[in-house]
S.K.: 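Attaching a single structure in structure tokens format; questions to follow.
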Protein chains: 2
Amino acid sequence: MPKDTFFNLPEEKRERIMEAAIDEFATHPFHQARVTAIAEEAGIAKGSFYQYFEDKKDLFKYLMEQIVEKKMSYINCNLVEGKGKYGFFQLLREVYLSGIRFAKDNPRLAPIGIMLLSDKELYREIFGEHTDKSVDFFRQLLEYGKEQGAVHPKIDSVLAAKMLAGMSYALVDYIYADGRLDYDDMVIIDQMLYIIENGIKQKE
Amino acid sequence: MPKDTFFNLPEEKRERIMEAAIDEFATHPFHQARVTAIAEEAGIAKGSFYQYFEDKKDLFKYLMEQIVEKKMSYINCNLVEGKGKYGFFQLLREVYLSGIRFAKDNPRLAPIGIMLLSDKELYREIFGEHTDKSVDFFRQLLEYGKEQGAVHPKIDSVLAAKMLAGMSYALVDYIYADGRLDYDDMVIIDQMLYIIENGIKQKE
DNA sequence: TTACAATATGACTAGAGATTCATATGAATG
DNA sequence: CATTCATATGAATCTCTAGTCATATTGTAA
């Protein structure tokens, strides 16, 4: 948790620092990211950095919290109240759609989370034992889908959840690692959902 | 490319060094991996390391070559001659199956490749511009599937390829990040293929 | 045995980056 | 003002590791 000093800062300065942090962590994995670069970019002295944060990890944890919170805010409105009202596949569509929207609105944030996924050790330090929260989320969703009778009961929830999570990372990649930020969300989502619902087999 | 000195080494010693490298790179991303640790583990002096390799990257590149070659050897026998003989989904099954077998036989190798994927810069240095070879592989396979009439023609090959690649990483995860090394390959593959072919929707 | 080449070694160097610290600035208080 | 408290600063320190190098050892061929 950042020190009080940080929260006492004028908002403009705080934002400058967080922006600098985002720039650095979006382009470098945690261990490659440099405190010096963040300080320079934010226009503060290196020493000041340590007035605000315990250390590099402290800032990173705080940033991740912000990212998760922001990402959640994209899901909530459409989903939370919707459960029960919508069917499983509609929910799933909403989840991916909010993922796309989040990624498009915050192109620098998504890569930070994805990079973190590949540093299991750091991930654990930040989110605790559960190796991947999103897998768990999809697993629950799938089980709900089974109850509803929407998902084939023989599907292995854990495996399918891993697949769905893997696909959502693929989605992020598709959108901007490949520069398709301008594609219509609906077109992409429809494609994905079609594949997930019906598979890729040509039916006779 | 390692120096001649390395290839002149007795096989036993060469293997000791590669084993040590695998241990280090399997547990640490490239930049975190320590030459010192590799030398210690292999029981050679640090200076010797530089008799054998230009630098850390030299060893890593060489190791990746070995891994790719080994992985290829799992695919080839079943697949290369099979194209034409088998249908698209059979080919896909073979691909995933060989992926599983490779991962099971070489539990420490797969993570090395997966970690590399998240270091785009290093990846490019090693494999050149193409950001992800496996995506490209799946794209070609899908296009072949379309020609065959097995894959629905409206499927976006690039998106689907990313999804398939994402799923194959998920598969590796499923198998040993979760400790299911003992699961029957066929059961897992059947699940996955079923999902990919038919989706997860419960048909009425 | 001697001389030469190839290989082995670990102390040493260089550089990078995180973190600390003594000092400076400045605002608020009395 | 003088004093205190919060914040700012960047030079100095500390740690870590890649990579070098002068020296020692081993193997070999004459």
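Every chain is numbered from 1 and lettered A, B, ... according to where its sequence line falls, protein lines coming before strand lines.
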S.K.: Check whether A:Lys57 reaches the backbone of A:Glu125 with its side chain - one donor and one acceptor, N or O, closer than 3.5 Å.
M.R.: no
S.K.: Is A:Asp136 salt-bridged to A:Arg139, going by a charged N under 4.0 Å from an acidic O?
M.R.: yes
S.K.: Less than 4.0 Å between a side-chain N and a carboxylate O, is that true for A:Glu65 and A:Lys61?
M.R.: no
S.K.: What I want to check is whether the side chains of B:Gln140 and B:Tyr144 have a donor and an acceptor closer together than 3.5 Å.
M.R.: no
S.K.: Rounded to whole Å, please give me the gap between CZ in A:Phe49 and P in D:dT7.
M.R.: 17 Å
S.K.: Counting the atoms with a prime plus P, OP1 and OP2 as sugar-phosphate, which does A:Lys46 contact under 4.0 Å by heavy atoms, base, sugar-phosphate, or nothing?
M.R.: base
S.K.: Can you tell whether the side chains of B:Asp190 and B:Arg93 come within less than 4.0 Å, N to carboxylate O?
M.R.: yes
S.K.: Does any residue of residues 28-35 of chain B have a heavy atom under 4.0 Å from DNA chain D, and if so, which ones, in number order?
M.R.: B:Ala33, B:Arg34, B:Val35
S.K.: With a 4.0 Å limit, can you tell me whether A:Tyr50 has a side-chain N or O closer than that to the phosphate oxygens OP1/OP2 of C:dT20?
M.R.: no
S.K.: Starting at CG of A:Asp58 and ending at P of C:dT19, how long is that distance when rounded to a whole Å?
M.R.: 10 Å
S.K.: Send over the distance from A:Phe60 CZ to C:dA18 C1', rounded to a whole Å.
M.R.: 17 Å
S.K.: Between D:dA6 atom C1' and A:Phe7 atom CZ, what is the distance in whole Å?
M.R.: 17 Å
S.K.: Could you tell me if the side chain of B:Ser73 sits less than 4.5 Å from the side chain of B:Phe102, heavy atoms only?
M.R.: no
S.K.: Under the rule for side-chain contact (heavy atoms from CB on, under 4.5 Å), what residues qualify as partners of A:Arg108, not counting sequence neighbours?
M.R.: A:Glu19, A:Ile22, A:Asp23, A:Ala26
S.K.: For the side chain of B:Ile44, counting heavy atoms from C-beta on, which of C:dA18, D:dA18, C:dT9 is nearest?
M.R.: C:dT9
S.K.: Could you pull out the protein-nucleic contacts involving nucleotides 6-8 of chain C (nitrogen or oxygen on both sides, under 3.5 Å)?
M.R.:
{"residue": "C:dT7", "atom": "OP1", "partner": "B:Asn8", "partner atom": "ND2", "Å": "3.0"}
{"residue": "C:dA8", "atom": "OP1", "partner": "B:Lys13", "partner atom": "NZ", "Å": "2.9"}
{"residue": "C:dA8", "atom": "OP2", "partner": "B:Tyr52", "partner atom": "OH", "Å": "2.7"}
{"residue": "C:dA8", "atom": "N7", "partner": "B:Gln51", "partner atom": "NE2", "Å": "3.0"}

S.K.: Once you round it to whole Å, what is the distance between C1' of D:dA18 and CD of B:Glu54?
M.R.: 14 Å
S.K.: Nearest whole angstrom, please: distance from the P of C:dT9 to the CD1 of B:Ile17.
M.R.: 10 Å
S.K.: Centroid-to-centroid, B:Phe6 to B:Phe53, below 6.0 Å?
M.R.: yes
S.K.: Rounding to a whole Å, what distance do you find between A:Phe53:CZ and D:dT7:P?
M.R.: 14 Å
S.K.: Rounding to a whole Å, what distance do you find between A:Lys56:NZ and C:dA16:C1'?
M.R.: 12 Å
S.K.: Less than 6.0 Å separating the ring centroids of B:Phe60 and B:Phe25?
M.R.: yes
